[in-house]
Chemist: 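This is the structure I have questions about; it appears just below.
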Amino acid sequence: MRGLEQLLAEHPFFEGMRGEDLALIAGCGKNARFGAGEYLFREGEPADHFFLLRSGMVSVEVHDPARGTITVLSAGEGEVLGFSWLMPPYHWVFDARALDLTRSVVFDGACLREKCEGDPRLGYDLLKRVTGVMMRRLEAASVQLLDVYGGAAAS
Amino acid sequence: MTAPAPGSAVSEAPDAGPSDAGHAAAGAAGPMRTRVYAVRRTRRETPDVLTLELEPGVDGEVEASAPGQFNMLYAFGVGEAPISVSGDPGASGRLVHTIRSVGATTRALCGLRRGDPVGVRGPYGTSWPVAEAEGRDVLAVAGGIGLAPLRGAFARILARRDRYGRVSLLYGARSPRDVVFEEDLRRWRSRFDVEVEITVDHAVGLWRGHVGVVTPLLDYAHVDPDDCVAMLCGPEVMMRHVARDLGRRGVASDRIHVSLERNMECGVGLCGHCQLGGELVCRDGPVFRWDRAEPLLRVREL
């Protein structure tokens with residue numbers, strides 16, 4: 001079985017990260033699996049974790065009493081999930097639910113923050129990676145808001 | 001493709017630049033001649049999208065066209081709209097068009113029933129580089145009703161599957177209810193030699209697929225950036241994002257083809273309504289190579 005450092009090194013999110021930094025970060029992580037239908041996190045609950053997805057598919061959802069469950073994003077193999085551990089008040093703002101059996105490395109958010117505070121160079125590297133994902137998601141969300149496809153179907 | 005002119009607004013998309021069909025000279029009897037077809041069959045794709053199968057009336061056989069080209073469809077007494085061919089023109093013996101109801105003319109076309117007459121002028125424009133892509137990987141990316149102009153090209157590629165490397169189709173729609181050509185997508189997904197990924201902008205209820213824009217799906221298309229041909233058809237914003245992303249992944253801009261939509265009226269490069277810089281979309285497009293289209297799309301005044 002491959003060690004956690006090896007799993008991290010092979011994941012696109014950590015591509016090119018120095019080995020010693022990977023070792024530090026690996027100290028905050030552990031393997032986890034979620035069955036289909038199982039929640040990784042739920043809106044309003046404390047955001048203690050950061051998820052590195054290795055396989056499977058997760059839907060990021062919001063519940064509206066009038067419309068039911070609305071999926072706003074899906075994430076799968078090679079992606080990461082959950083940024084609320086990074087900034088106060090450390091609470092999730094969406095639900096995240098596994099659609100299939102999902103394998104993940106789960107990091108302890110407080111542990112990651114502590115490593116980043118203690119080693120600003122590592123912190124900056126990690127923050128740049130997180131910001132890159134956030135930028136892509138923000139771009140995507142903006143395009144989604146444009147409703148470029150049009151269409152008559154009410155959602 | 002982008003939103004078309006009011007009243008036409010379907011996605012049409014003839015083939016790209018210097019590819020298969022070149023500039024179309026529509027119809028042996030003259031490029032401006034309208035022939036009368038009859039509706040043979042209709043199929044409701046979504047609440048506002050209808051597919052029409054047309055067969056020629058007394059005027060004879062279906063005019064040969066290449067995937068990506070478009071016809072001007074005339075709803076009698078209402079108006080004319082440019083609509084791309086959405087079937088494999090060589091396969092059915094019928095003319096297939098898929099239309100979104102967005103204005104008076106397209107609303108009239110979407111209201112047609114079996115046996116009703118339709119005026120057809122065309123085919124016009126360039127086609128997708130189906131032959132040029134032989135020997136390479138193929139990546140088709142469609143958004144919304146933009147799947148219609150690509151459908152014929154994709155069917156043709158699959159009919160000669162052994163001539164191509166890896167073949168991928170990425171499709172984005174507004175919601176699960178807005179997915180068009182569900183039957184085709186289901187059939188293509190069931191094949192072992194094609195990758196098909198579908199995403200929707202948002203989903204309510206029991207949708208187990210991707211949610212989000214189409215660009216992240218590029219990670220699922222295992223085509224070789226150095227040896228693939230990309231064909232993009234959908235809203236212009238979507239095509240710009242996808243083309244940029246493909247460029248970052250190493251796909252050369254002269255192997256990316258996009259289908260543009262402008263206000264096409266005459267269809268033969270005379271009226272100038274569809275002018276885009278030095279190009280006339282009806283004649284020089286609608287399928288353009290990205291290295292040709294990209295500089296034009298950067299000029300907002302165009």
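Everything numeric in this text was worked out from a predicted model, so none of it was measured. Each chain gets a letter, A, B and so on, in the order its sequence line appears, and its residues count up from 1. Both backbone and side-chain heavy atoms feed into the values below; hydrogens, waters and symmetry mates do not.
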Chemist: Need one label for A/Ser59: side chain, backbone, both or neither, based on atoms under 4.5 Å from any heavy atom in chain B.
Modeler: neither
Chemist: Under the salt bridge (Lys or Arg N to Asp or Glu O under 4.0 Å) rule, collect the residues that match up with B/Arg113, sequence neighbours excluded.
Modeler: none
Chemist: Taking heavy atoms only and a threshold strictly under 4.5 Å, list by residue number the residues of residues 97-112 of chain A that touch chain B; give 'none' if the list is empty.
Modeler: A/Leu99, A/Asp100
Chemist: Count the heavy atoms of every other residue, nucleotide or ligand shown that sit under 6.0 Å from CD of A/Glu114, and state whether that count exceeds 12.
Modeler: no
Chemist: Which bit of A/Leu145 comes within less than 4.5 Å of chain B, counting heavy atoms only: side chain, backbone, both or neither?
Modeler: neither
Chemist: If you look at every heavy atom in B/His241 and A/Glu139, which pair is closest and at what distance?
Modeler: CD2-OE1, 4.3 Å
Chemist: Please find the pair of heavy atoms, one from B/Asp201 and one from A/Gln144, that lie closest to each other, and give the distance.
Modeler: O-NE2, 2.5 Å
Chemist: Evaluate A/Met57 against B/His210 for side chain to side chain contact (heavy atoms under 4.5 Å, CB included), listing each step before the verdict.
Modeler: CA-CA 8 Å; A/Met57 173 99 84; B/His210 300 281; 3.7 Å; yes
Chemist: With a cut-off of 6.0 Å (strictly less than), are more than 12 heavy atoms of other residues, nucleotides or ligands near CZ of B/Arg191?
Modeler: yes
Chemist: If you take all heavy atoms of B/Pro235 and A/Val148, which pair is closest and at what distance?
Modeler: CG-O, 3.4 Å
Chemist: What is the distance from atom OG of B/Ser175 to atom CD1 of A/Ile70, rounded to the nearest 0.5 Å?
Modeler: 12.0 Å
Chemist: Show the nearest heavy-atom pair for residues A/Tyr149 and B/Arg174, with the distance to one decimal.
Modeler: CD1-N, 3.4 Å
Chemist: Just jot down the side-chain hydrogen bond (donor to acceptor under 3.5 Å, both in side chains) partners of A/Asp119, sequence neighbours excluded, or say none.
Modeler: none
Chemist: Are A/Thr69 and B/Val204 side-chain neighbours, meaning at least one heavy-atom pair lies under 4.5 Å?
Modeler: no
Chemist: Using a cut-off of 6.0 Å, state whether more than 12 heavy atoms not belonging to A/Arg113 lie near its atom CZ.
Modeler: yes
Chemist: Between B/Ala203 and chain A, with a heavy-atom cut-off of 4.5 Å, which part of the residue counts as in contact: side chain, backbone, both or neither?
Modeler: both
Chemist: For atom CD of A/Glu117, is the number of surrounding heavy atoms from other residues, nucleotides or ligands below 6.0 Å larger than 12?
Modeler: no
Chemist: Distance-only check: which donor-acceptor pairs under 3.5 Å involve side-chain atoms of residues 72-86 of chain A, not counting sequence neighbours?
Modeler:
residue: A/Ser74; atom: OG; partner: B/Val211; partner atom: N; Å: 2.7
residue: A/Ser74; atom: OG; partner: B/Val211; partner atom: O; Å: 3.3
residue: A/Glu79; atom: OE2; partner: A/Gly76; partner atom: N; Å: 2.9
residue: A/Ser84; atom: OG; partner: A/His91; partner atom: O; Å: 3.4
residue: A/Trp85; atom: NE1; partner: A/Gly82; partner atom: O; Å: 2.9

